[in-house]
Amino acid sequence: MRTATTALITGASSGLGAEFAAQLAARGHDLVLVARSADRLHDLAKRLGDAHGVTAHVLVQDLSAPDAARRVGAELADRGLTVDLLVNNAGFGTCGPFETIDGQRDHDQLMVNVVALVDLTHELLPGMLARGGGAVVNVSSTASFQPTPYLAVYGASKTFVLNFSLALRQEYRRRGIRVLAFCPGPVETEFFNVIGTRKAAVTGSFATPGPVVRAALRALDADRAYVVPGLANQLSAHLTPRRPRTMVAAIAERLSRGVRDAMAGGGADTRKPSGERVA
Ligand SMILES: NC(=O)C1=CN([C@@H]2O[C@H](COP(=O)(O)OP(=O)(O)OC[C@H]3O[C@@H](n4cnc5c(N)ncnc54)[C@H](OP(=O)(O)O)[C@@H]3O)[C@@H](O)[C@H]2O)C=CC1
Ligand SMILES: N[C@@H](C=O)C(=O)O
């Protein structure tokens, strides 16, 4: 008899995704862990299986591939797995003046942050509806609430994720499906190594993954539409949309010049994380 519910988490090999996996395992969910880094996923699956007695499956997939979600769906079917909670977390950013960013890298960013997220929802939502319930957590960002000069494609990808999630929630809220847009501000993860500078965190204040993911799961439990962890992040998320859009974009450009300068050789701040924080 099937008792545990299963959560599929993309980008589970590090950062927020690994933290979602740990907190969901502690709640008793079986897991499907998706990312490219096979060794990290297998280590995490073993660790969480040993610690919490859950079953953690590993599914190695590059989500920038055009048929990534179809491959994930086919692999789940082969293994006889169904998914009750989809956490679309995998993602990365690019930054700097637009013309300095590699076009293929931006293309791949949209494939992972946007296309794979929509495609995986297409793969898994029909099964949730057929079984009478389920949930989707889409990882957006505080970058979703305004234009983000020098992170133009990244911010726009997260605006897509926010609005897609809010729309989907309205479509499915009476059919047993919860949809949450999770909009964290800067969090200490490998995100800033990948993007190339800690200056990409324009506020300069970092949270740690534990409390931020706890806030997401509390919001999911409460069936909230979206959540912005941290008071300062909430204030900026809720105040900026009330100003003229062009003014917000102009202010954002001034505040983000550190990102531009860092990518021109100004140097990244490489401070290490310490303690647990919700920025
Ligand atoms: N850290 C922050 O300040 C914030 C992050 N976010 C969002 O949180 C999410 C998680 O990022 P975070 O944990 O911070 O960063 P990390 O860099 O620590 O984790 C990113 C995860 O995404 C996976 N990933 C990246 N590219 C691909 C790919 N092509 N195919 C499959 N998986 C991929 C990585 O796995 P692998 O390399 O093994 O494939 C990794 O597991 C992202 O969507 C990010 O935009 C939102 C707001 C703030
Ligand atoms: N929200 C963070 C990333 O998405 C940031 O502000 O850097």
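Order of appearance sets the numbers: ligands from 1, and atoms from 1 within every ligand.
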Where ligand 1 meets [X] - atom numbers and elements under 4.0 angstrom, heavy-atom basis:
X: G11; result: 21 (C), 22 (O), 23 (C), 40 (C), 41 (O)
X: V139; result: 7 (C), 8 (O), 9 (C)
X: L63; result: 28 (C), 29 (N), 30 (N), 31 (C)
X: D62; result: 28 (C), 29 (N), 30 (N)
X: V112; result: 28 (C), 29 (N)
X: Y154; result: 6 (N), 7 (C), 44 (C), 45 (O), 46 (C)

(Q) Once you measure the plane-to-plane angle for H238 and Y226, does it fall in the parallel (<30°), tilted (30-60°) or perpendicular (>60°) bin? (A) tilted
Q: Provide, to 0.1 Å, the distance between atom 28 (C) of ligand 1 and the closest protein heavy atom, together with that atom's residue and name.
A: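 Protein heavy atom at minimum distance: R36 NE, 3.5 Å.
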(Q) For N138 and S165, which I'm curious about, is there any donor-acceptor pair between the side chains at under 3.5 Å? (A)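 Side chains of N138 and S165: pair found under 3.5 Å.
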For each nitrogen or oxygen atom of ligand 2, which protein N/O atoms lie closer than 3.5 Å, and how far apart are they, rounded to 0.1 Å?
unit_1   : atom_1 : unit_2 : atom_2 : d
ligand 2 : 1 (N)  : S141   : OG     : 2.9
ligand 2 : 1 (N)  : T142   : OG1    : 3.1
ligand 2 : 1 (N)  : P184   : O      : 3.1
ligand 2 : 4 (O)  : S141   : OG     : 2.6
ligand 2 : 4 (O)  : Y154   : OH     : 2.6
ligand 2 : 7 (O)  : A200   : O      : 3.3

Closest by any non-hydrogen atom to [atom]: pick that one out of [options].
atom: atom 32 (N) of ligand 1; options: A65, A35, A68; answer: A35
atom: atom 48 (C) of ligand 1; options: A18, G185, G91; answer: G185
atom: atom 16 (P) of ligand 1; options: P209, G17, S13, S14; answer: S14

Q.
I'd like to know if the side chain of R131 reaches the main chain of V83, judged simply by a donor and an acceptor atom lying under 3.5 Å from each other, with no hydrogens or angles considered.
A.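 Checked: pair present.
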Q: Return yes when atom CZ of R257 has more than 12 non-hydrogen atoms of other residues, nucleotides or ligands closer than 6.0 Å, and no otherwise.
A: yes
Q. Of L24, V137, L180, which is the lone residue that meets side-chain contact (heavy atoms from CB on, under 4.5 Å) with L217?
A.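 When L24, V137, L180 are each tested with L217, the side-chain contact (heavy atoms from CB on, under 4.5 Å) holds only for L24.
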